Amino acid sequence: MSTSRTTSSAETELAGAEVAARLEPGDLVLVRGELGAGKTTFVRGACRELGVEGPVTSPTFTIGRRYKSAEGLAVAHLDLYRLADMGAEEAGLLDDYLTPGTFAFVEWPAVAALELPEPRVQVEIRHAGGDERELDVEWSDRTD
Ligand code: ADP
Ligand code: MG
């Protein structure tokens, strides 16, 4: 696991981009951290690196968004914070997002009573005073 510090949202976006550059289609990235830690900021940087051009904001009224990059890559961004209110027991809720070949980023994965696939990367972001953040990035060995 590697730990680093950022001092601006731009730096956290860069950290997301660095992770994204090493991903392969179908990889799942879990992003943990308190509200306002910078999870969505991290995912935005990752999405930009993958070629997603429009706004990347936390999904609010749905559990996720799906993006297509300019080159046609499929990217999913989920925020499971409100899943408890939305019928978490519903089977197949994530199936529209976690499709084969999709680069997937999931904020608040721990809230999901649903079983998520094995993540390729796990990220935790912590407040470190002001605009500083501490980021843990842990890669798993590819199992498939
Ligand atoms: P989360 O998704 O974890 O709730 P967001 O990424 O939506 O968090 O929001 C993080 C907020 O903190 C943004 O307003 C961002 O501009 C601000 N911020 C300040 N410093 C940083 C930093 N070093 N990294 C990430 N975000 C930062
Ligand atoms: Mg968020």
Side-chain angles (χ1 to χ4, degrees), residues 1-140:
M1 186 186 75
S2 75
T3 300
S4 62
R5 273 185 179 240
T6 68
T7 57
S8 67
S9 54
E11 277 184 44
T12 297
E13 286 191 18
L14 189 62
E18 285 169 359
V19 166
R22 297 173 54 197
L23 295 174
E24 290 168 32
D27 279 347
L28 170 65
V29 179
L30 307 183
V31 189
R32 301 186 168 91
E34 291 173 7
L35 207 66
K39 300 181 296 298
T40 299
T41 302
F42 181 93
V43 174
R44 182 178 307 118
C47 287
R48 290 281 177 263
E49 176 68 21
L50 292 169
V52 174
E53 287 171 343
V56 174
T57 56
S58 239
T60 307
F61 300 107
T62 61
I63 62 162
R65 297 182 196 280
R66 296 191 306 153
Y67 311 106
K68 261 287 201 293
S69 79
E71 293 81 27
L73 299 178
V75 181
H77 175 197
L78 290 92
D79 184 330
L80 304 182
Y81 186 68
R82 288 184 189 76
L83 202 57
D85 306 335
M86 297 173 63
E89 70 286 348
E90 194 182 317
L93 197 61
L94 305 179
D95 293 359
D96 289 345
Y97 299 98
L98 306 181
T99 57
T102 296
F103 295 87
F105 300 87
V106 178
E107 299 183 40
W108 295 105
V111 173
L114 300 165
E115 213 165 301
L116 289 167
E118 194 70 32
R120 185 78 213 289
V121 186
Q122 300 192 61
V123 179
E124 184 172 327
I125 310 178
R126 291 179 294 274
H127 291 273
D131 285 349
E132 283 202 38
R133 303 289 192 273
E134 201 170 70
L135 275 69
D136 293 338
V137 176
E138 183 167 19
W139 287 79
S140 311

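Because the structure is predicted, anything quoted here is derived from the model rather than measured. Both ligands and their constituent atoms are indexed starting at 1 by order of listing. All values below come from the heavy atoms of this structure, side chains included, with hydrogens, waters and symmetry mates left out.
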Quiz item: Where the Mg ion (ligand 2) is the centre, what is the OG-to-OG1 angle for Ser58 and Thr40, rounded to 10°?
Solution: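 That angle works out to 70° after rounding to 10°.
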Of the non-hydrogen atoms in [X] and [Y], which two are nearest, and what is the gap between them?
| X | Y | result |
| --- | --- | --- |
| Thr102 | Tyr97 | CG2-O, 3.6 Å |
| Pro119 | Ser140 | O-OG, 3.2 Å |
| Leu80 | Pro109 | CD1-CA, 4.3 Å |
| Val56 | Thr40 | O-CG2, 4.0 Å |
| Leu50 | Glu71 | O-OE1, 4.0 Å |
| Arg126 | Glu124 | NH1-OE2, 3.4 Å |

Heavy atoms only, cut-off 4.0 Å: how does [X] contact ligand 1, side chain, backbone, both, or neither?
| X | answer |
| --- | --- |
| Glu107 | side chain |
| Thr7 | backbone |
| Ser58 | neither |

Quiz item: Does ligand 1 have any atom sitting under 4.0 Å from a heavy atom of Gly33?
Solution: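 No, Gly33 has no heavy atoms under 4.0 Å from ligand 1.
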Quiz item: With a 4.0 Å cut-off on heavy atoms, is Arg44 touching ligand 1?
Solution: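 For ligand 1, residue contact (heavy atoms, under 4.0 Å) with Arg44 is absent.
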Self-check item: Spatial distance of atom CG (Leu30) from atom CZ (Phe105) [nearest 0.5 Å]
Solution: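 Rounded to the nearest 0.5 Å, the CG-CZ separation comes out at 11.0 Å.
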Quiz item: Roughly how far, to the nearest 0.5 Å, is OG of Ser8 from CG of Asp131?
Solution: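 So the CG of Asp131 and the OG of Ser8 are separated by 7.5 Å.
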Quiz prompt | Exceeds 12 heavy-atom contacts within 6.0 angstrom, atom CZ of Arg66 | solution =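 No, CZ of Arg66 has 12 or fewer neighbouring heavy atoms, counting only those of other groups under 6.0 Å.
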Around [atom], find the nearest protein heavy atom and jot down its residue, atom name and distance.
| atom | answer |
| --- | --- |
| atom 25 (C) of ligand 1 | Thr12 OG1, 3.4 Å |
| atom 12 (O) of ligand 1 | Arg133 NH2, 3.2 Å |
| atom 8 (O) of ligand 1 | Gly38 N, 3.1 Å |
| atom 20 (N) of ligand 1 | Asp131 O, 3.3 Å |
| atom 4 (O) of ligand 1 | Gly36 N, 2.8 Å |
| atom 7 (O) of ligand 1 | Thr40 CB, 3.6 Å |

Quiz item: Hey, is atom 14 (O) of ligand 1 touched by any protein heavy atom at less than 4.0 Å?
Solution: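 Within 4.0 Å: no protein heavy atom nearby.
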Quiz item: Looking at Arg32, Glu34, Arg133, which hits side-chain contact (heavy atoms from CB on, under 4.5 Å) with Ile125?
Solution: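 Going through the options one by one, the only one that passes is Arg133.
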So is [X] polar-close to ligand 1, meaning N/O to N/O under 3.5 Å?
| X | answer |
| --- | --- |
| Thr6 | yes |
| Thr41 | yes |
| Leu35 | no |

Quiz prompt | Contact atoms of ligand 1, heavy-atom distance to Glu34 under 4.0 Å | solution =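 Those atoms are 3 (O).
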Quiz prompt | Atoms in ligand 1 with a heavy atom of Ser8 nearer than 4.0 Å | solution =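 That gives atoms 21 (C), 22 (C), 23 (N), 24 (N) of ligand 1.
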Quiz item: Does a side-chain N-to-carboxylate-O contact under 4.0 Å join Arg65 and Asp79?
Solution: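 So Arg65 does not pair with Asp79 through a salt bridge.
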Quiz item: Do the non-hydrogen side-chain atoms of Glu18 and Leu14 ever get within less than 4.5 Å of each other?
Solution: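 They are in side-chain contact.
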Quiz prompt | N/O/S from Glu107 sitting under 2.8 Å away from the Mg ion (ligand 2) | solution =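 True for Glu107.
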Practice problem: Using a cut-off of strictly less than 2.8 Å, determine whether Tyr81 has an N/O/S atom near the Mg ion (ligand 2). | Solution: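 No, since none of the N, O or S atoms of Tyr81 sits under 2.8 Å from the Mg ion (ligand 2).
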